[in-house]
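First up is the structure itself, then whatever we jot down about it.
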There are 2 protein chains.
Amino acid sequence: MPHLLLKDLPRYDCLLKAAKEFPDLDPSAMEAFLHLLRTGDEVFSVTDHNLNAHNISHGRFGVLMLLRRSCQPRIAALMGDAAGVAGPRTPAELAEAAGVTRATMTGLVDTLERDGFVTREPDPDDRRMMSVRLTAKGEGFLREFLPGHFKVIGAIMYTLTETERKRLVSLLVKVQQQVAILNPYREHTVSVAS
Amino acid sequence: MPHLLLKDLPRYDCLLKAAKEFPDLDPSAMEAFLHLLRTGDEVFSVTDHNLNAHNISHGRFGVLMLLRRSCQPRIAALMGDAAGVAGPRTPAELAEAAGVTRATMTGLVDTLERDGFVTREPDPDDRRMMSVRLTAKGEGFLREFLPGHFKVIGAIMYTLTETERKRLVSLLVKVQQQVAILNPYREHTVSVAS
DNA sequence: GCCAGACAGTTAGCCTCCTAATGAAATTCG
DNA sequence: CGAATTTCATTAGGAGGCTAACTGTCTGGC
């Protein structure tokens, strides 16, 4: 389930040594990169274990969370959201919101339906479409699971002060923005070895 | 290939609103958590795309990198490492170093061997063991690929100053340490909903 | 010297993700 | 009106993780 990395990150002096062989290797950039991947992975693992203990994968959890929003349009309306703006309901909307392909979403909804967390109903207006909805069991699972999930996340971040959290987030956002800048040119930046 | 997340992170005021419903939800902790996962994922995606463009996965890349160390014992010796300390060579050592199971390593070595990047040879002393080695093609791939890979990583981190990189790393290390503290107790902290 | 156990590598079966191709329904447009 | 295009969901097949079980080899205690 992890992104797969080295078990032990290379020590900084190893990076310095490697930089002698590869002039393109920026040791402090590589160090930050490796720690970012590693930390994201470890944090992911904790919540993933938590989810697996309840027999649910991250992907399936994401779908349930998206559907939870959809299933409470009245609450959303009360809270100030535009009345008509419900969350995603069709597999295509869910796939878009979750950032996976529709084919993947079909598989996720398959297993969620098999396990009784959601139902699939044909759309009366457009017979190509399906409408996915949380069942009572699905809602119950979230109600029962979420408090613990939030506690785990709070426990992980407990080690950082409010100031440190803000600082971390602002550094991460900077990296995200840089990735966004790089992405459109990926084809060019990538083809170094071709 | 990503860990699957929301396409758009919830805005902070949504977290505040959600915290009203779930007292266990710490908005700033959740924000830091989501950004950590998201950023790790995006950074991963960039390098993963880079690798995929060369028809190699992150897992396979990791194996090649581990083997590169093993295949240069003379260089390592020259550089001050103890002469006998070669890198991992057997599937079990590779699995341990990469942090995957031996079964997974079998699969990775299978495809790497199929594609001509590595060879498998029986160990003459212990007939249970195999010795995995980079082929000339595997070495050539790395020689050709690594400079671009390092450039991409440098480009991502270009947005942060040396000071910011150090600060980011130290915040990430704090989180890693917290995760390490939490892990042994995972069974307990997890069973909130049972 | 031999047998029980440990250990290396593989196999088999499952899950989640992907891409590509398919079939059915809706829409667009000549 | 009907053909081409688009859009929906799904299926098929592949890759890389995992666990569990198996095979063959070594080793250590009797």
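Please read these numbers as outputs of a predicted model, since none were measured by experiment. The chains referred to below are lettered A, B, ... by the order of the sequence lines, with proteins before strands, and numbering in each begins at 1.
In this structure, the side-chain contact (heavy atoms from CB on, under 4.5 Å) partners of B:E42, at least two apart in sequence or on a different chain, are A:Q176, A:V179, B:R38. Applying the side-chain hydrogen bond (donor to acceptor under 3.5 Å, both in side chains) test to A:Q177 and every residue at least two apart in sequence or in another chain returns nothing. Under the side-chain contact (heavy atoms from CB on, under 4.5 Å) criterion, A:S131 pairs with A:R89, not counting sequence neighbours. Residues passing the salt bridge (Lys or Arg N to Asp or Glu O under 4.0 Å) test with B:D24, sequence neighbours excluded: none. With sequence neighbours left out, the salt bridge (Lys or Arg N to Asp or Glu O under 4.0 Å) criterion links B:K137 to no other residue. Residues passing the salt bridge (Lys or Arg N to Asp or Glu O under 4.0 Å) test with B:D115 are B:R60, sequence neighbours excluded.
A:M129 places its CE atom 17 Å from the P atom of D:dT6, with the value rounded to the nearest Å. Put simply, CZ on A:R60 is 14 Å from C1' on C:dC17, counting in whole angstrom units. Counting to the nearest Å, the C1' atom of D:dT7 and the CE atom of A:M130 are 16 Å from each other. If you measure from atom CG of B:N52 to atom C1' of D:dG14, you get 13 Å, rounded to the nearest angstrom. If you measure from atom CG of B:L112 to atom P of D:dG17, you get 10 Å, rounded to the nearest angstrom. Here the P atom of nucleotide C:dG9 and the CZ atom of B:R89 are 13 Å apart, to the nearest Å. A straight line from NE2 of B:H58 to P of C:dT16 spans 23 Å, rounded to a whole angstrom. Here D:dG17 presents its P atom at 10 Å from CG of B:D48, a figure rounded to the nearest Å.
The ring pair (Phe, Tyr, Trp, His ring centres under 6.0 Å) pairs that include a residue from residues 107-130 of chain A are A:F117-A:F141, where partners are two or more places apart or lie in different chains.
Residue whose closest nucleotide on DNA chain C sits further toward the 5' end, between A:I56 and A:A103: A:I56.
Using a 4.0 Å cut-off, some side-chain N or O of B:S57 falls inside it from OP1 or OP2 of D:dG16. Under 4.0 angstrom from either OP1 or OP2 of D:dC18 there lies at least one side-chain N or O belonging to B:T104. Within the structure, a side-chain polar atom (N or O) of A:T101 is placed less than 4.0 Å from OP1 or OP2 of C:dC18. Between A:T106 and D:dT10 there is a side-chain N or O to OP1 or OP2 distance below 4.0 Å.
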Pairs: protein N or O with nucleotides 21-23 of chain D N or O, under 3.5 Å:
none

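Within residues 114-128 of chain A, the residues approached by DNA chain D to less than 4.0 Å at the level of any non-hydrogen atom are A:R120, A:R128, in residue-number order.
Among D:dG17, D:dA9, C:dA8, the nucleotide with an atom closest to any side-chain atom of B:L108 is D:dG17.
In summary, the side chains of B:T119 and B:R133 do not present any donor paired with an acceptor at a separation below 3.5 Å, with no hydrogens or angles considered.
A donor-acceptor contact shorter than 3.5 Å is absent between the side chain of B:T39 and the backbone of B:L36.
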